[in-house]
Amino acid sequence: MEEKTNITPTNFIREIIDDDLKTGKHTLIHTRFPPEPNGYLHIGHAKSICLNFGIARDYNGLCNLRFDDTNPEKEDIEYVDSIQEDVKWLGFDWADRMYYASDYFHKLYDFAVQMIKDGNAYVDSSTAQELKDMRGTPTEPGGLSPYRNRSVDENLRLFTEMKEGKYDDGAHVLRAKIDMASPNMHMRDPVVYRIKKATHHNTGDEWCIYPMYDYAHPISDWMEGITHSLCTLEFEIHRPLYDWFLEALNLKNRPRQIEFARLNLTYTVMSKRKLLELVQEGFVSGWDDPRMPTICGLRRRGYTPESIRNFADKVGVAKRDALTDVALLEHAVRDDLNKKAPRVMAVLKPLKVVLTNYPDDLTEEMETVNNPEDESMGSRKIPFTKEIFIEQDDFQEVPEKKFHRLSPGKEVRLKSAYIIKCDEVVKDADGNITELRCSYDPETKSGSGSTRSVKGTIHWVSAKHAVKAEVRLYDRLFTDEDPAGHEEKDFRELINPDSLEILDNCLIEPELAKAKAGDKFQFVRMGYFCVDPLSNDKILVFNRTVGLKDSWAKMKTN
RNA sequence: UCUCGGGUCGUCUAAUGGCAGGACAGCGGCCUUUGGAGCCGUUAGUGGAGGUUCGAAUCCUCCCCUGAGAACCA
């Protein structure tokens with residue numbers, strides 16, 4: 001399922017598991033990934049997926065996929081499908097253990113009846129506002145509901161009638177009877193069931209009452225035999241309630257909830273709500289816009305599952321809030337693609353070069369390796385002719401200091417071809433450079449054993465053979481490191497206006513014309529690129545996954 | 001204000017009373033037919049003040065900073 005990495009993750013959760021194994025508390029480790037199907041998965045979910053499935057894999061345990069679908073108003077089958085696709089794509093397998101919390105609605109109902117019989121739950125007929133008023137504040141205890149001491153029989157009758165659809169939404173709720181004076185607001189007789197006459201994506205119109213997360217989650221975990229229920233920090237305050245339900249129902253072999261810090265990445269937002277707003281308000285083209293931190297966005301951008309898994313291992317798991325540098329993610333994908341991506345030549349901003357002393361009709365096939373990191377990837381031939389295109393940025397009429405590329409009177413090597421010298425700069429009436437006239441040194445053919453060397457090597461394509469393509473350059477979506485972290489500023493104000501640059505006049509080597517959607521390449525000296533699914537017979541579209549490290553650019557900014 | 005969490009290089013993360021280490025980023029160098037990759041080197045940290053101890057990032061006290069908590073959301 002997963003290729004070996006040199007990283008052995010260790011974290012406080014694995015230590016707890018090691019201990020549980022050692023003491024014999026558990027012999028089989030069982031985790032679960034429990035998304036609510038109300039949005040697309042993002043890189044933060046990927047961290048949780050890698051954690052849960054990774055633990056199952058390393059401990060020879062099991063990890064379930066469970067849809068936490070207790071709120072029919074927000075959930076949709078569209079998300080159920082995309083979530084499965086994304087988890088699979090990341091390289092994980094739940095075998096036959098895909099569940100829905102809604103699969104357990106009958107059992108959950110029976111447990112609720114039992115809680116009523118045990119005096120642990122009651123039907124409250126207060127309005128939402130009254131409930132809110134009775135709850136108190138973090139510093140003041142709440143008040144007791146006038147319905148708190150209804151008889152078991154009356155509670156049973158009302159709860160049955162709620163289920164039967166006799167009441168409108170909001171008329172009654174079922175509440176756990178705990179402690180209205182608890183300093184933990186979640187323990188102040190929390191709602192267990194509410195009436196919602198809504199169609200559920202999985203159970204249709206079978207139910208008009210739906211359980212709350214705090215109630216459904218621990219019981220779902222228990223029913224699946226989950227040993228370690230991993231969730232993010234915001235649920236820490238819910239843990240006493242998680243334990244209370246299991247205790248109140250006298251369930252044995254209880255799962256243990258353990259919280260860890262969610263992933264935050266610099267220069268992006270991670271909340272489903274904000275991501276949805278970016279999509280709905282047209283700041284991006286969709287959930288899979290390559291600038292989005294969604295799994296589908298990263299996939300379209302050209303990220304590999306391995307790179308995301310390695311990233312998840314590298315960020316680690318702890319309890320302190322963190323904002324991880326997106327450079328770490330970029331490093332992970334460079335690291336992976338460096339080993340896998342074939343090198344090809346592509347000129348993004350072409351500048352014509354005529355080799356004045358090269359035979360007019362000659363086409364030479366130049367041999368070049370596909371990946372210097374991996375000999376097994378072999379080599380290929382690329383056509384070389386009198387007229388070629390090079391990158392505009394690889395020429396400077398008045399060269400800056402330490403500029404090792406082409407300039408008047410200077411030499412540069414064309415990768416896998418010859419050394420050329422710039423003899424003449426041709427300009428149009430407005431003074432724009434339209435063409436370079438150069439001469440080549442026939443003694444310096446690549447692979448011929450020529451020993452002459454020059455400082456710079458640049459990429460090129462043959463004018464006659466090059467294929468046109470569109471290339472999309474992506475930059476960070478926000479100009480601020482933590483766009484969601486400002487109270488006085490809306491994250492929308494911090495959107496980077498230059499996060500997408502479309503180049504529609506790029507020239508690629510002919511070999512690339514065969515590329516199919518999703519194919520990944522290193523454009524030599526430019527970065528890693530992949531074929532966008534939008535590509536068709538008419539036009540090839542490439543997305544830049546990430547640029548190469550560029551020490552020249554860095555030198556200039558310093 | 002109250003309750004519960006959390007504070008280790010710029011960032012992320014180790015240490016479990018015994019040499020504060022790794023990764024990313026940065027910087028310097030080597031190498032290079034990718035100014036890529038690789039290799040070598042290097043900068044940089046225990047929030048503060050006390051205390052316990054032969055010895056404290058780790059234990060205790062106080063303080064500071066920070067996150068979460070008052071949906072019929074998850």
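Order of the sequence lines fixes the chain letters, A, B, ..., with proteins taken first and strands second; residue numbering starts at 1 for each chain.
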* **Interatomic distance, His42(A) NE2 vs rA74(B) C1' [rounded to whole Å]** => 12 Å
* **Pairing residues for Pro72(A) by the side-chain contact (heavy atoms from CB on, under 4.5 Å) criterion, not counting sequence neighbours** => Lys196(A), Ala198(A), His200(A), Tyr210(A)
* Within the structure, does a side-chain N or O atom of Lys554(A) lie under 4.0 Å from either OP1 or OP2 of rG26(B)? -> yes
* Please measure how far the C1' atom in rU3(B) lies from the corresponding atom in rG51(B), and state the result in whole Å. => 28 Å
* Side chain of Thr139(A) (C-beta onward), nearest among rA74(B), rC12(B), rU1(B) -> rU1(B)
* To do: Mind checking Glu236(A) for me? I need base, sugar-phosphate or nothing, with any heavy atom below 4.0 Å counting as a touch.
  => sugar-phosphate
* To do: Return no unless some side-chain N or O of Arg320(A) is found under 4.0 Å from OP1 or OP2 of rU8(B).
  => yes
* In whole Å, what separates the P atom of rC54(B) from that of rC62(B)? -> 24 Å
* Distance below 4.0 Å between Arg14(A) side-chain N/O and rA14(B) OP1 or OP2 -> no
* **Toward the 5' end of RNA chain B, by each residue's nearest nucleotide, Phe12(A) or Ile237(A)** => Phe12(A)
* To do: For each nucleotide in nucleotides 17-24 of chain B, reading 5' to 3', give B when a protein heavy atom comes within less than 4.0 Å of its base, S when such contact involves only the sugar-phosphate, and - otherwise.
  => -------S
* Interatomic distance at C1', rU13(B) relative to rC73(B), whole Å -> 33 Å
* Structure fact -> note: Tyr213(A), atom OH; rA71(B), atom P; distance rounded to Å ~ 17 Å
* Asn371(A): side-chain contact (heavy atoms from CB on, under 4.5 Å) partners, not counting sequence neighbours -> Arg343(A), Glu373(A), Asp374(A), Met377(A)
* Sticking with atom P, work out how far rG48(B) lies from rC9(B), rounded to a whole angstrom. => 10 Å
* **Cationic N near anionic O, under 4.0 Å, Glu259(A) to Arg239(A)** => yes
* Asked: Does the side chain of Arg175(A) come within less than 4.5 Å of Leu131(A)'s, by heavy atoms?
  -> yes
* Structure fact -> Stems field, RNA chain B, Watson-Crick or wobble, 3.5 Å, at least 3 pairs, by first number, holds B:2-7 with B:64-69, B:10-13 with B:21-24, B:26-30 with B:38-42, B:47-51 with B:59-63
* Does the side chain of Arg343(A) get closer than 4.0 angstrom to OP1 or OP2 of rA37(B) through an N or O atom? -> no
* Taking atom C1' in both rG45(B) and rC40(B), what distance in whole Å separates the two? -> 24 Å
* Contact class for Ser126(A) (heavy atom, under 4.0 Å): base, sugar-phosphate, or nothing? -> base
Between the protein and nucleotides 41-44 of chain B, are there any N/O to N/O pairs under 3.5 Å, and if so, what are the atom names and distances?
none

* To do: Using heavy atoms to find the nearest nucleotide of RNA chain B for Pro183(A) and Leu548(A) separately, return the residue whose nucleotide is more 5′.
  => Pro183(A)
* Regarding Lys520(A) and the six-membered ring of Tyr528(A), is the cationic atom NZ or CZ under 6.0 Å from the ring centre and inside 45° of its axis? -> no
* Residues from residues 260-272 of chain A sitting under 4.0 Å of RNA chain B, heavy atoms only? -> none
* Asked: Ile420(A) pairs by side-chain contact (heavy atoms from CB on, under 4.5 Å) with which of Thr444(A), Val412(A), Val454(A)?
  -> Val412(A)
* Asked: Taking only side-chain nitrogens and oxygens of Lys549(A), does any of them come within less than 4.0 Å of OP1 or OP2 of rA37(B)?
  -> yes
* Could you state the CH2-C1' distance from Trp552(A) to rU32(B), rounded to the nearest angstrom? -> 18 Å
* Asked: Hey, does the side chain of Arg239(A) come within less than 4.0 Å of rA68(B)'s phosphate (OP1/OP2), counting only N and O?
  -> no
* Thr70(A) side chain N/O closer than 4.0 Å to the phosphate oxygens (OP1, OP2) of rA74(B)? -> yes
* Asked: Can a cation-pi geometry be assigned to Lys274(A) and Phe491(A), taking NZ or CZ under 6.0 Å from the six-membered ring centre and within 45° of the ring axis?
  -> yes
* To do: For rA49(B) and rA71(B), measure between their P atoms and round to the nearest Å.
  => 41 Å
